Asker: 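Submitted below is the structure of interest, expressed as structure tokens.
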Amino acid sequence: MSADFRLKEELPELTDRIVASYHDLGVGHHLGHCPLPNTHEVCEIARDLRAVLFPGYRSRRNLHMGNIGFHVGALIDGLHDRLTEQIARALRHDFMRRAKQADPDSELCTKAPYGGLPDFEADGQRVTLAFLNQIPALRELLVEDVKAAYEGDPAAASYDEVIFCYPGLSAVTAHRIAHALHTLGVPLIPRMIAEWSHAETGIDIHPGARIGPGFFIDHGTGVVIGATCRIAENVKIYQGVTLGAKSFPRDGEGRLVRSAKRHPTVERDVVIYSNATVLGGDVTLGAGVVIGAGATITKNVSAGTKVTAEKPSLRFRAAG
Amino acid sequence: MSADFRLKEELPELTDRIVASYHDLGVGHHLGHCPLPNTHEVCEIARDLRAVLFPGYRSRRNLHMGNIGFHVGALIDGLHDRLTEQIARALRHDFMRRAKQADPDSELCTKAPYGGLPDFEADGQRVTLAFLNQIPALRELLVEDVKAAYEGDPAAASYDEVIFCYPGLSAVTAHRIAHALHTLGVPLIPRMIAEWSHAETGIDIHPGARIGPGFFIDHGTGVVIGATCRIAENVKIYQGVTLGAKSFPRDGEGRLVRSAKRHPTVERDVVIYSNATVLGGDVTLGAGVVIGAGATITKNVSAGTKVTAEKPSLRFRAAG
Amino acid sequence: MSADFRLKEELPELTDRIVASYHDLGVGHHLGHCPLPNTHEVCEIARDLRAVLFPGYRSRRNLHMGNIGFHVGALIDGLHDRLTEQIARALRHDFMRRAKQADPDSELCTKAPYGGLPDFEADGQRVTLAFLNQIPALRELLVEDVKAAYEGDPAAASYDEVIFCYPGLSAVTAHRIAHALHTLGVPLIPRMIAEWSHAETGIDIHPGARIGPGFFIDHGTGVVIGATCRIAENVKIYQGVTLGAKSFPRDGEGRLVRSAKRHPTVERDVVIYSNATVLGGDVTLGAGVVIGAGATITKNVSAGTKVTAEKPSLRFRAAG
């Protein structure tokens, strides 16, 4: 009546077969001397950044104007060191990836002491400092987002409830962090932060999207905002909205073109109701446009226009 | 080949600028001597409540009728103390918020020893006891929800699978906890519990919604149920269903009216299939109504009616 | 100004009432001497399996070809013991459930030393070894999934980004683990793994679904794939797609038939765009079919056909 531990003798052979599959398949493992950014560490960094952006909301300690300087100073000091390391890893990984693309036999990554490589750690520190210096400006943007959420939702009782409880604000906060890093040319980490937030909120915003102040997403589950979207100030969108691509341009050899503008432009004061879809890089919604629930938009809409989608007609039958 | 730690000398100045932004912007921080409810602690409380409501499902210890009394007793004892503290914090925060609204220069919160304030901790304890006493009644409701899920889904193999694995049940459990606290007048915490569950399940139920026994949500991702919904017993809904508001009433000065009934009433034995939308505080779905997938309903539907939405017509083309 | 701890004297009586509700309601607790699989432990096992399937991506340690054998060997050794225990629990639970169904007064589970019962632990070990031996084959499937994601999304910069950041790949990885266990007849645990992944990604795939290599889900929030789906190789689907059931067959006594094929068959090279719905166990999408966004399909579509759904017609009004 128990497991037979002699059967465990087959485990070493199984281990060998698994390890062999790492060699044979090439793809699907990351083994070598160039450590990737660490997912857990990147998420912890994003959490600490939230604590700097909105201090006092999730802290276990009682923070007040008398001690906040020490608290933020300690957070910033730690963020500097940890972000520098993770960004250095991302830069090194990206450099090696490009080197391998250019020369598949490149063994750069296995060589010590890496003579002739860029100084990834110095570059990581430079980018980290540039990013941290943007925190006061990020706070100004985010305060506008908080106000927009409170103004936009009659169920919100206070700014504090918005900061505490609104997944839309949480997603926009993560996006503003990810976008700032993306703009500074950091590889991988912005996408890791975006997917951390996507997992938490169901809101999928690509770090490349440019979004103005006063942005509010209500409920949010199922929202998708593509990499080349441009969204101006004071825009409000609801659950299930997609700002997506019509089709993917391919080059002469049928390969995907990975940089074209594929997603819409949304001007100021636009409202897009639930489950509406706006597709295409050449589509602009003008200032003050309102898009009704369930509409699909694939052409420009001029400023001030209110668009409603005909609802599917209904058939009513009495119970039989 | 390394970070230059002399560059770190700019961090104190950056810290000062960040702290200054807390002063300047006013919004977006919570600094002071009135600690907010702690998100982590509130989520732990909700987890412990689940363990009391459905004992034995997630415990690492082997629970049986011989030791369950000790186990539940210890949980309830801890819940009493921790919930009292968190509710006291929420009540204090709400009191201060209202005081600040009435008099923006109020410094109530910075005064010690708070002479003349309500006894938030005593109030917190009173509410906590009233809530804990509802646990047996909550269990009766939830057992009906478990049975409804099993009856409603042919893929369910057992009640245990429903309790273990169904996000719909998990969301309804969190809602019944949040709604009971909401009904007792607890601020903030019910919304924190609702968003904890929303993050986990993709199901967004406002704590204000009143939901009868035997409620089943299948799959659930993208479901939104508004604050003033009224749902009777034995109702079943599928993924992507919105029970929402048509538009927000505003008062004479254009401000949102934050208390009107804005969301639908759903009577007993109604089924609402995936991605259907029901909007408006004056809309009632009568007993036994069935709403087909993708329908949008903005008017009353009388009892026993089956509503189907015309599907978008399709165009078929052979590959070119 | 503080909680009155004399009021705590009512807690023992409340505890008694809660424990009594476990007796009275019968359903909604799991108390006894047959421990269920532990949710936390099952999730940790799934995480370790991911680390074996895609080594080096989330590890804190620097893994390379020189130490990966030790690392994987240790993981496999631990997985063997832990998975054996959890599967044994699931098998015992399922056996007892069936015994109770056959004879509600059965007290099998309270009897020691369980004379005459199957040897659940030996069975658990046999199934565990059969499962672990499938890991190299699972890796081959998953590498095809990684390539399909990279080929299918112009925003993907590298295979590594897909493995790190794509919720679709994360969901498919969890599904391939869950499906392998499901196929080996393991109760409960496959559903636990599926819902762990559903909570993380918003993608709900029943472990019963059969899915070929090169499967890519983009964005993914709101996707539902039913238990009896059959999906061939190289299929791509987008957020909000449902592959679901039309209606549930019931037997002569009105009870749900829990085993019929209720969900569609999808042949190779099919693309299904966002929020499309395909319903019914007798529906097949032929090879190379493309289903447009928002379409609802309830009939066969022959190979190579491109289906587009008419979009709801739009009404445009200038602002008043």
Side-chain angles (χ1 to χ4, degrees), chain A residues 1-4 7-8 10-12 14-15 17-19 21-22 25 27-33 35-36 38-40 93 97 187-188 191-192 194-195 198-199 202 204 206 221-222 224 227 240 242 244 248 256-258 262 275 277 288 294-296 301 304-312, chain C residues 52-58 60 62-65 68-69 72-73 76-77 80 84 119 121-122 124-125 129 132-133 135-136 139-140 142-143 146-147 151 154-155 157-161 163-167 200-202 219 221-222 239-240 274-275 293-294 311-319:
Chain A
M1 293 281 294
S2 72
D4 179 347
L7 291 176
K8 288 191 71 170
E10 66 180 83
L11 295 181
L14 168 59
T15 298
R17 278 192 295 127
I18 292 171
V19 172
S21 83
Y22 301 153
L25 296 168
V27 173
H29 66 79
H30 186 82
L31 302 173
H33 297 280
L36 284 162
N38 183 271
T39 305
H40 180 76
H93 174 267
R97 180 179 69 78
L188 273 180
R191 285 280 296 136
M192 293 165 79
E195 286 300 337
H198 183 194
D204 183 354
H206 193 282
T221 309
V224 175
T242 295
F248 303 149
L256 289 170
V257 176
R258 291 183 188 267
R262 306 181 301 275
N275 302 312
T277 299
T296 298
V301 178
T305 306
K306 192 170 170 174
V307 185
T308 48
E310 199 182 353
K311 297 296 173 282
Chain C
V52 172
L53 292 166
F54 293 112
Y57 283 95
R58 287 164 188 260
R60 291 177 163 281
N62 190 23
L63 300 177
H64 49 79
M65 284 301 177
I68 189 65
V72 169
I76 290 290
D77 185 63
H80 170 276
T84 294
D119 184 340
E121 203 165 335
Q125 184 183 28
L129 286 168
L132 292 176
N133 274 294
I135 287 177
R139 291 200 73 244
E140 287 185 39
L142 286 165
V143 164
V146 172
K147 290 178 178 170
E151 292 307 317
S158 66
Y159 290 157
D160 288 336
E161 182 186 331
I163 296 171
F164 246 149
C165 302
Y166 275 56
E200 186 184 274
T201 64
H219 307 299
T221 308
Q239 72 269 20
S274 61
N275 302 311
K311 297 296 173 283
S313 61
L314 302 175
R315 200 159 61 107
F316 297 84
R317 275 184 301 153

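Basis for what follows: all heavy atoms, side chains included, without hydrogens, waters or symmetry-related copies. Note on naming: letters A, B, ... go to the chains in the order of the sequence lines (proteins, then strands), and numbering restarts at 1 for each one. Because the structure is a prediction, the values reported are computed rather than measured.
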Asker: Other residues, nucleotides and ligands only: do more than 12 of their heavy atoms fall within 6.0 Å of NZ on A/Lys311?
Answerer: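 Yes, the 6.0 Å shell around NZ holds more than 12 heavy atoms from other groups.
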Asker: Write down the atom of C/Pro312, the atom of A/Glu310, and the distance for their closest heavy-atom approach.
Answerer: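 Nearest heavy atoms, C/Pro312 then A/Glu310: CB-O, 3.2 Å.
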Asker: For chain A, find which of C/Leu142, C/Leu132, C/Thr84 contributes the most heavy-atom pairs closer than 4.5 angstrom.
Answerer: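 Going by pairs under 4.5 Å, I would pick C/Leu132.
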Asker: State, without any angle test, whether C/Gln239 and A/Asp204 hold a side-chain donor-acceptor pair at a distance under 3.5 Å.
Answerer: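 Side chains of C/Gln239 and A/Asp204: no pair found under 3.5 Å.
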Asker: Given the options C/Leu53, C/Ile135, C/Val146, which has more heavy-atom pairs under 4.5 Å with chain A than any of the others?
Answerer: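 Among the listed options, the one with the most contacts to chain A is C/Ile135.
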Asker: For the residue pair C/Leu314 and A/Thr308, establish whether any side-chain heavy-atom pair is separated by less than 4.5 Å.
Answerer: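 Side chain of C/Leu314 against side chain of A/Thr308, heavy atoms only: no contact under 4.5 Å found.
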Asker: If we only count heavy atoms from C-beta on, is the A/Asn38 to C/Arg58 side-chain gap below 4.5 Å?
Answerer: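 They are not in contact (no side-chain heavy atoms under 4.5 Å apart), so the answer is no.
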Asker: Which heavy atom of C/Tyr57 sits nearest to which heavy atom of A/Thr39, and what is that distance?
Answerer: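 Heavy-atom minimum between the residues: O-OG1, 4.3 Å.
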Asker: Among C/Thr201, C/Asp160, C/Ile163, which residue forms the greatest number of heavy-atom pairs with chain A at distances under 4.5 Å?
Answerer: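 Of C/Thr201, C/Asp160, C/Ile163, C/Asp160 has the most heavy-atom pairs under 4.5 Å with chain A.
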Asker: Looking at C/Gly73, C/Pro167, C/Gly124, which has the largest count of heavy-atom pairs under 4.5 Å with chain A?
Answerer: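 Most pairs with chain A among the choices: C/Pro167.
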Asker: Is C/His219 in contact with chain A via its backbone, its side chain, both, or neither, using a 4.5 Å heavy-atom distance?
Answerer: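 Contact with chain A involves both backbone and side-chain atoms of C/His219.
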Asker: Verify whether one side chain among A/His198 and C/Thr221 offers a donor that lies under 3.5 Å from an acceptor in the other.
Answerer: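 Present: a donor and an acceptor within the cut-off.
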Asker: With a 4.5 angstrom heavy-atom cut-off, is it the side chain or the backbone of A/Arg191 that approaches chain C, or both, or neither?
Answerer: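 Its backbone and side chain both get close to chain C.
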Asker: Which of the residues C/Gly202, C/Ser158, C/Gly222, C/Gly69 is involved in the greatest number of heavy-atom pairs with chain A at under 4.5 angstrom?
Answerer: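 Top count of heavy-atom pairs under 4.5 Å with chain A: C/Ser158.
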Asker: Between A/Glu195 and C/Tyr166, is there a donor-acceptor pair closer than 3.5 Å when you use the side chain of the first and the backbone of the second?
Answerer: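 Such a contact is absent between A/Glu195 side chain and C/Tyr166 backbone.
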Asker: Write down the atom of C/Gly56, the atom of A/Leu36, and the distance for their closest heavy-atom approach.
Answerer: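 C/Gly56 and A/Leu36 have their closest heavy atoms at O-CD1, 4.0 Å.
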Asker: Is any side-chain heavy atom of C/Leu63 less than 4.5 Å from a side-chain heavy atom of A/His30?
Answerer: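 Answer no - side chains too far apart.
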Asker: Give a yes or no on whether the backbone of A/Thr305 and the side-chain of C/Arg317 come within a donor-acceptor separation of less than 3.5 Å.
Answerer: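 Pair absent, no side-chain N/O of C/Arg317 close to backbone of A/Thr305.
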Asker: So, A/Lys8 and C/Asp77, do they make that salt bridge, N to O below 4.0 Å?
Answerer: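 Yes, A/Lys8 and C/Asp77 are salt-bridged.
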Asker: State, yes or no, whether a side-chain contact exists between A/His29 and C/Phe54 at a heavy-atom distance under 4.5 Å.
Answerer: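 Result no, sub-4.5 Å side-chain heavy-atom pair not found.
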Asker: Return the option, out of A/His206, A/Arg17, A/Met192, with the maximum number of heavy-atom pairs under 4.5 Å with chain C.
Answerer: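 Most heavy-atom pairs within the cutoff with chain C belong to A/Arg17.
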Asker: Mind checking whether A/Val307 and C/Arg315 have side chains closer than 4.5 Å, heavy atoms only?
Answerer: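 With C-beta onward as the side chain, the pair stays apart.
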Asker: Contact between C/Leu129 and A/Leu11 at the side-chain level, heavy atoms closer than 4.5 Å - yes or no?
Answerer: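 Yes, side chains in contact.
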Asker: Is there side-chain contact between A/Tyr22 and C/Val72, with at least one heavy-atom pair below 4.5 Å?
Answerer: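 Counting from C-beta outward, A/Tyr22 and C/Val72 do come under 4.5 Å.
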Asker: Is C/Phe316 close to chain A through its backbone or its side chain, or both, or neither, when contacts mean heavy atoms under 4.5 Å?
Answerer: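 Both backbone and side chain.
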Asker: Which one wins on heavy-atom pair count under 4.5 Å against chain C: A/Val19, A/Ile18, A/Thr242?
Answerer: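 Going by pairs under 4.5 Å, I would pick A/Ile18.
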